[in-house]
Engineer: 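Before I ask anything, let me first share the structure, which is written out below as structure tokens.
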Amino acid sequence: MQNADAVVEMTNVRKEYSDSIALDGLSLTIRAGEAVAVMGPSGSGKSTLLNMIAGLDRPTSGSVVVHGSDLGALDETGLALFRRRGIGMIFQFFNLLDDLSALDNVALAAQLTGTSAGQARARALELFGELGISNRKNVYPAQLSGGERQRVAVARALMNRPALLLADEPTGALDSRSGEQVMDLLLDLNQIGQTLLLVTHDGRLATRCATRLIEVADGRIAREHSLERA
Amino acid sequence: MNAVWHAAWAAVRRRKLQTIVIGVVVCAASATLVMALGLLEAASAPFDRAFATQQGAHLSAAFDPAKVSEADLTRAAGKAEATAGPFRQATVDTSEGEVFLGTLTVVGRADPGGPVDRVSVWEGRWATGPGEIVLNRAPGSDGRMELGFRLSLPGRPVLTVVGFARSVTGSADAWVTPDQVTALRPTALQMLYRFGKADTAVEVDAGRAAVTAGLAADALLGTLSHLTVKDKATSELGVFIPFLMIFGVLGLAVAILIVANVVSGAVVAGLRHIGMLKAIGFTPNQVMAVYLVMVSIPAVAGCAVGTVVGNIFAKPVVQDAVEGFGVDQLSFAPWVNVAAAVGMPVLVASAALVPALRARRLPAARAISAGATPHTGRALRIQRRLSGTRLPRSVSLGLGLPFARPGRSALTLASVVLGVMTVTLAAGVTMSMTAYNNAVRPNHTDRVELLAGPPPGAPVFAEPGAERPAAKLSDTEDESMLRSLPGTSAVLAMSQLDTEVAGGTQEATILFYRGDTAALGPRVLTGHWPDGPGQVVVPSRFLNQRGLSVGDTITVQARGNRTQVKIVGVVLTNNADQIFADWATLNVLAPGARASSYQVRMAPGTARDTYTAAVRSGDPGLRVLPPRDGTSSTAVIIISAAVVLTLVLGAVAALGVFNTVVLNARERRRDLGMLKSIGMTPRQVTVLLVTSMGALGVVGGLIGVPLGIAVHQLVVPAMAHAGQADAVDILMDVYRAPALALLALTGVVIAVLGALLPARGAARLSIATVLHNE
Ligand SMILES: Nc1ncnc2c1ncn2[C@@H]1O[C@H](COP(=O)(O)OP(=O)(O)OP(=O)(O)O)[C@@H](O)[C@H]1O
Ligand SMILES: [Mg+2]
């Protein structure tokens, strides 16, 4: 039952580590334009779920199809190329290279695809403008606030206009005000059509910007809600 | 202390790779050290020891009995600290005997002991009556004769070998009783002296002046200094010493650098670990102790293994090299092994001390919150500039990486530089050896050697079954026959005589050349080729061993004729005991002698087979020698040692790079994980890490090659002098542009080989694992 506008199709995905089962036969479909929030207790498999979709790790069994490509069929290089074009990722920590300026960190994503340094910087500047951080472009990560860092990370994730944006607790390390700002940013992006999958512990933020809420427990989807956005 | 040991042991086990790297590096360095020290000791100590026990003569002198009386000699000798002699000395030519022993210097001596030159009789007994002879031979060397052998020569009494003895001074080839020597027609009086001071040539000269003061000026036929004897005994081996010592030093330097690198890396990588140790109550000293113990465990193990390996590996090499000189049986002095076994861990500990002190000072809070690497302004500026270049991003990121850790990069660079230096030096020494070898032992395929007959007075040397040369034509007919053959471009006629250079037991061979000496003779380095009777040219080793110089006159004797010859030039050849003269001098010493061999250079394009067939139909009595194999064993040993040491040190340098990449990748694993998450392929990650080291390799090549050349310019003259030769141009100017380009590349090769494995490992590392472990 291939879904025409499905961006992600996970079928019966199981992931075992040596001493634990992270995902236990999980199936999930995400359609274009959706904003899906994933919640659940620590260790329930949320990060693992995201890693599977990004091709950062391989399932023990089951299949993951993103934009029509079966990740199981790709080798490491194929997965890297897939991520480069199709996925934008934001982590809780360590999103940026310390020895590159904010602008160069963002430009980097485009340069990997072969874009020239000049073009990459121009596009990055554009994004900095859109995200309201133009004044921070020449600053190094160590001098940025946590919220600013995450906004730079969002800019970098958007660099190659990915069809899917993955965020693993992007506000987890931020105070509530900076967290809200980042969430607003993601909400805006979704409203102009960006597909979004986001892991968060903060139910209030989740309900504010997601169109669907998934609760994961013990590697399975325990509950699902459709949300009316505020 | 128990806690320290516990923590250190845990660290050793957790950092397996680091532990192995330290162990292997220290092992290689220790082995190199043992070999270098062992050779150094073998090269000089056995001689010194034997010389001291035997009360060796600082100066042996031969006097003309016609010019000076025994009483005068004894009186003049009062100036010396101790004296032996005068002993009557005869020269016995054995060429007509059953067994050819060359020309023997036979001394009449009643007693092997005495105040000077206490000859040690190691088999049989001393000569006590008529018809008995004792031969000078090194213990363990096998000769063609055994005790009881009867030496009979026409017109001389038959002599029976009753003993074998060894004079470190080399005062004679054989001894008989004083009465017996009279029957051998002595021609000289031997005096052996010991002086109060005789450590330098100047002191020996002063001693000689003292003991010959008041004697007739031409009474002294010749002298032999103990320094010359020592040099000769140790010279061939001595050639290795500067070479091996420099490799030992390089190996040591590489080892220290890598250990410093590994250990400081361990401190940085273990920052969190240090913080924990401090947090749970380790004192700063205990933290330092943990880090010292952590490196000492593999260092001590590596050192022990390396010392053993060095002994196993070096012993045969040393033994081989020493055997030829009759130096007594060797064993490494304990200090060699002690120096390696104790010195190396001490070195390692000192290398570890600096970063360990840093670990001691580090505040616990900073250690725990570690992770953020320090970034200098320069590193950031460089990264910024690189970001804007057209280079692929993985390459430009890699190029910037070394600047993030300048200290570590500098240490890594230094070990690459040393690796490149080693390769450059080894290549240079190899090229020098090859050039020298080609000059002194040409094995040109365009040359044909022909034997015409035995040299005057010498037995025919021929392997059993081989046809003996006996030219059918006369000397002049042979030469013109060869010159008239199609394909002949140059002809050299040769003969030779064994001779004795008065003053000692040193024999020499005079080679007489006629014909195209410029084309086929040895290369004249200074002076000119002999152009008349009584002129000779000699190799510089001949001069250096005998303390002579160009322009000096020496007395040579052969076939009962004694003549004075003047040294008019220096030629390049390997043998210290060869003198070159032209045919006019042969006519003085052996009138009417014919050439014993010819050397022909064929014109380009001449087929060897056709040519030799033509020679044989011209004179069927000529024997064609197979083409000469021009390799010398010294050259082979040095070249193979160079190859082995290059491989060892190159590998050790690559190990340093390996370690740096491991540390960098471990430290940067979050960054690498992030780069992968935004789509960097494993190949690009590999390129990034390899490029970071490749950049160091390029710089290392550019620095290391000139340094290697500089060391070559120091080592080769030292080697040449140890071999009593001179460092001539062909030894020094060996580096050519293409070779230099290749050598500069070795830096990149070392860096890439060292980086490849850990870079690929880092590229394969699962991102999920990295993320999970943070
Ligand atoms: N690389 C790994 N190696 C071993 N076990 C792992 C790995 N990654 C995840 N796990 C295990 O899988 C399970 C799920 O982990 P996961 O990180 O997905 O949880 P999570 O829901 O993201 O938790 P949190 O809210 O704490 O981030 C846990 O038991 C975890 O220990
Ligand atoms: Mg998680």
Engineer: Identify which of Leu100(A), Leu103(A), Asn51(A) forms the greatest number of heavy-atom pairs closer than 4.5 Å to chain B.
Structural biologist: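 Most heavy-atom pairs under 4.5 Å with chain B: Leu100(A).
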Engineer: Leu166(A), Asp168(A), Thr77(A), Asp57(A): which one forms the most heavy-atom pairs within less than 4.5 Å of chain B?
Structural biologist: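 Ranked by contacts with chain B, first place is Thr77(A).
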Engineer: Non-hydrogen atoms of chain B under 4.5 Å away: do they reach the side chain of Phe82(A), the backbone, both or neither?
Structural biologist: neither
Engineer: Hey, what do you get for CZ (Arg764(B)) to CD (Glu76(A)), rounding to the nearest 0.5 Å?
Structural biologist: 9.5 Å
Engineer: Could you grab the distance from atom CG of Leu112(A) to atom CD1 of Ile678(B), nearest 0.5 Å is fine?
Structural biologist: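 Going from CG on Leu112(A) over to CD1 on Ile678(B), the span is 5.0 Å.
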Engineer: Roughly how far apart are Leu675(B) CG and Leu97(A) CG, rounded to 0.5 Å?
Structural biologist: 5.0 Å
Engineer: Would you say Arg14(A) has more than 12 foreign heavy atoms packed within less than 6.0 Å of its CZ?
Structural biologist: yes
Engineer: Is it true that atom CZ of Arg760(B) has more than 12 heavy atoms of other residues, nucleotides or ligands lying nearer than 6.0 Å?
Structural biologist: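 Result for CZ/Arg760(B): open.
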Engineer: Counting only non-hydrogen atoms closer than 4.5 Å, does Arg85(A) touch chain B with its backbone (N, CA, C, O), its side chain (CB onward), both, or neither?
Structural biologist: neither
Engineer: For chain A, find its close neighbours in residues 679-695 of chain B: heavy-atom separation under 4.5 Å, sorted by number, or none.
Structural biologist: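 Contacts with chain A: Gly679(B), Met680(B), Thr681(B), Pro682(B), Gln684(B).
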Engineer: For the interface with chain B, which of Asn138(A), Thr48(A), Leu79(A) has the highest count of heavy-atom pairs at distances below 4.5 Å?
Structural biologist: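 Heavy-atom pair counts peak at Asn138(A).
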Engineer: Verify the neighbour count for atom CG of Asp70(A): are there more than 12 heavy atoms of other residues, nucleotides or ligands below 6.0 Å?
Structural biologist: yes
Engineer: Please name the pair of heavy atoms, one in Leu96(A) and one in Asp671(B), separated by the smallest distance, quoted to 0.1 Å.
Structural biologist: O-OD1, 4.2 Å
Engineer: Side chain from CB out, backbone as N, CA, C, O: work out which of these in Arg121(A) comes under 4.5 Å of a heavy atom of chain B, or both, or neither.
Structural biologist: side chain
